[in-house]
Engineer: 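Mind having a look at this structure? Questions to follow.
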Amino acid sequence: MKKLLYLVLMVCAVSTSVLTATSCSDGETYAEKKEKEKKNIARFLEDNDFVGKINVIEEEQFYAQDSTTDVSKNQFVLFNDDGVYMQIVRKSNGPTIVELAKARTDSTVTRPLLCKFLEYDIQNGDTTYTNFYMPSIVDKMQCTYNHFGRSYSASFTSGLMLSKYNSIVPKGWLKPLDFIRLTKVAGEEAKVRLIVPHSSGTTNASGKVMPFYYEITYQLSPND
């Protein structure tokens with residue numbers, strides 16, 4: 001009887017310990033999560049398996065370089081308004097979406113864009129999704145630019161991002177559209193690398209306060 005009582009008490013003690021640990025973890029404040037995110041990004045800038053140590057440049061230098069980043073120096077520009085880091089690997093040819101809008105008389109222009117991408121969870125050190133190695137799969141988004149408001153909105157209409165998250169395109173994915181050019185030619189797509197904090201990420205990233213690294217190509221749909 002004493003042995004049985006001892007075992008019951010041990011089980012209760014272990015259960016209490018687990019619940020307490022879970023409670024402490026779940027009780028992490030938003031400020032603490034943001035601080036953790038900041039540290040995770042800082043570590044990624046110093047050491048990662050994709051591009052190595054990243055050389056962060058300010059917006060002033062980025063614009064002085066004609067809105068480009070020197071890939072040979074591993075430059076990423078940090079945008080102060082939203083904390084997104086961006087490297088333009090290939091700017092491509094063709095018009096920008098802004099130029100497409102200026103060519104029209106109405107206030108908005110909508111274009112379907114095709115994207116190949118890789119998504120990497122910086123906090124947990126894991127590639128979560130990619131269609132780079134799936135020739136038959138491409139993510140498609142319908143992107144609208146408001147010429148007068150100088151703002152973008154977009155929705156995924158097919159692909160992995162739509163099936164995993166929802167139709168809303170993260171703000172971080174729209175950031176490069178002011179700087180890249182759009183072509184219908186396969187193999188000449190614009191390509192960027194991004195570090196996206198939770199505030200400009202997917203609903204999953206936003207809810208968990210987690211940063212993600214992306215490599216993305218953008219192409220005008222050749223059939224539209």
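Just the heavy atoms: all of them, side chains too, but no hydrogens, waters or symmetry mates, feed the values below.
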Engineer: Measuring from Leu182:CG to Leu177:CG, what's the distance to the nearest 0.5 Å?
Structural biologist: 6.5 Å
Engineer: Would you say the side chain of Ile195 lies within less than 4.5 Å of the side chain of Leu45, judging by non-hydrogen atoms?
Structural biologist: yes
Engineer: How long is the span from the CD1 atom in Ile180 to the OG atom in Ser67, to the nearest 0.5 Å?
Structural biologist: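 Nearest 0.5 Å value for the CD1-OG distance: 12.5 Å.
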Engineer: List in chain and number order the residues that pass salt bridge (Lys or Arg N to Asp or Glu O under 4.0 Å) with Asp70, two or more places apart in sequence or in another chain; answer none if no residue qualifies.
Structural biologist: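 Here no residue qualifies.
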Engineer: Please find the pair of heavy atoms, one from Ser92 and one from Ala190, that lie closest to each other, and give the distance.
Structural biologist: CB-N, 3.6 Å
Engineer: Would you confirm whether Lys116, through its side chain, and Asn131, through its main-chain N or O, come within 3.5 Å as a donor-acceptor pair?
Structural biologist: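 Indeed, once roles are kept as given, a pair shorter than 3.5 Å links the two residues.
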Engineer: Among residues two or more places apart or on two chains, list those pairs meeting salt bridge (charged side-chain N to carboxylate O under 4.0 Å, His left out) that have a residue in residues 130-141.
Structural biologist: Lys140-Asp224
Engineer: Which residues pass the side chain to side chain donor-acceptor pair (under 3.5 Å) test with Arg43, not counting sequence neighbours?
Structural biologist: Asn40
Engineer: Sorted by first residue and then second, give each salt bridge (charged side-chain N to carboxylate O under 4.0 Å, His left out) pair with at least one member in residues 45-63; sequence neighbours left out.
Structural biologist: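 Sorted pair list: Glu46-Lys53.
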Engineer: Please report the shortest heavy-atom distance between Gly172 and Pro176, naming the atom on each side.
Structural biologist: O-CD, 3.5 Å
Engineer: Can you get from Val84 to Phe44 by hopping between Ile, Leu, Val, Met, Phe, Trp and Tyr side chains that sit under 4.5 Å apart?
Structural biologist: no
Engineer: Taking all atoms of both residues into account, what is the closest heavy-atom pair of Val209 and Glu37, and its distance?
Structural biologist: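 Smallest heavy-atom distance, with atoms named: O-CB, 4.0 Å.
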Engineer: Any heavy-atom pair between the side chains of Asp121 and Phe212 that's under 4.5 Å?
Structural biologist: yes
Engineer: Could you name each residue pair satisfying ring pair (Phe, Tyr, Trp, His ring centres under 6.0 Å) that touches residues 174-209, not counting sequence neighbours?
Structural biologist: Tyr30-His198, Phe62-Phe179, Phe79-Phe179
Engineer: Considering only Ile, Leu, Val, Met, Phe, Trp and Tyr, and joining two whenever side-chain heavy atoms are under 4.5 Å apart, list the other residues clustered with Val138.
Structural biologist: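 Other cluster members: Leu114.
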Engineer: Where is the tightest heavy-atom contact between Met141 and Ala154, given as atom of each residue plus distance?
Structural biologist: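 Shortest heavy-atom contact: SD-CB, 4.4 Å.
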Engineer: Is Val169 reachable from Ile216 through a run of hydrophobic residues whose side-chain heavy atoms are each under 4.5 Å from the next?
Structural biologist: yes
Engineer: Working to the nearest 0.5 angstrom, can you tell me the gap between Tyr145 OH and Ile97 CD1?
Structural biologist: 9.0 Å
Engineer: Are Tyr213 and Glu215 close enough that a side-chain donor and a side-chain acceptor fall under 3.5 Å?
Structural biologist: yes
Engineer: Please enumerate all residues that pass salt bridge (Lys or Arg N to Asp or Glu O under 4.0 Å) together with Lys34, with sequence neighbours excluded.
Structural biologist: none
Engineer: Assigning hydrophobic clusters by single linkage (Ile, Leu, Val, Met, Phe, Trp, Tyr; side-chain heavy-atom cutoff under 4.5 Å), is Phe132 placed with Leu162?
Structural biologist: no
Engineer: Who are the ring pair (Phe, Tyr, Trp, His ring centres under 6.0 Å) partners of Tyr214, not counting sequence neighbours?
Structural biologist: Trp173
Engineer: Taking side chain to side chain contact (heavy atoms under 4.5 Å, CB included) as the criterion, tell me which of Ile41, Ile54, Ile57, Thr69 meets it with Tyr85.
Structural biologist: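 It is Ile41, the one option of Ile41, Ile54, Ile57, Thr69 that forms the side chain to side chain contact (heavy atoms under 4.5 Å, CB included) with Tyr85.
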Engineer: Donor-acceptor check, side chain of Ser163 to backbone of Leu160, threshold 3.5 angstrom: yes or no?
Structural biologist: yes
Engineer: Under 3.5 Å, is there a donor-acceptor pair between the side chain of Asn48 and the main chain of Phe50?
Structural biologist: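 The answer is yes, because a donor-acceptor pair under 3.5 Å joins these two groups.
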Engineer: Using 0.5 Å steps for rounding, measure from the CG atom of Leu113 to the OH atom of Tyr218.
Structural biologist: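 Output value for this atom pair is 8.5 Å.
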Engineer: Any donor-acceptor pair under 3.5 Å linking the side-chain atoms of Thr128 with those of Glu119?
Structural biologist: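 Judged by distance alone, the side chains do pair up.
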Engineer: With sequence neighbours left out, what residues match Asp126 under side chain to side chain donor-acceptor pair (under 3.5 Å)?
Structural biologist: none
Engineer: Check side chain to side chain donor-acceptor pair (under 3.5 Å) between Lys36 and all other residues, then give those that pass, not counting sequence neighbours.
Structural biologist: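 Listed in chain order: Glu28.
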Engineer: Looking at Gln142 and Thr157, what are the two nearest heavy atoms and their distance?
Structural biologist: CB-CG2, 4.2 Å
Engineer: So which heavy atom on Pro170 is nearest to which on Ser200, and how close?
Structural biologist: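 Minimum heavy-atom contact is CB-O, 3.6 Å.
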Engineer: Is there a side-chain contact between Arg193 and Phe76 in this structure, where contact means two heavy atoms from C-beta onward sitting under 4.5 Å apart?
Structural biologist: yes
Engineer: Quick one: salt bridge (charged side-chain N to carboxylate O under 4.0 Å, His left out) pairs with a partner in residues 160-188, sequence neighbours left out?
Structural biologist: Asp81-Lys175, Asp82-Lys175, Glu99-Arg181
Engineer: Find the distance between CG (Leu220) and OG1 (Thr183) and round it off to the nearest 0.5 Å.
Structural biologist: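 Taking CG in Leu220 and OG1 in Thr183, the distance rounds to 7.0 Å.
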Engineer: Go through the structure and list residues passing side chain to side chain donor-acceptor pair (under 3.5 Å) with Gln75, not counting sequence neighbours.
Structural biologist: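 For Gln75 the side chain to side chain donor-acceptor pair (under 3.5 Å) partners, ignoring immediate neighbours, are Gln65.
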Engineer: So how far is it from Tyr152 OH to Arg150 CZ, rounded to the nearest 0.5 Å?
Structural biologist: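 Here the rounded value is 7.0 Å.
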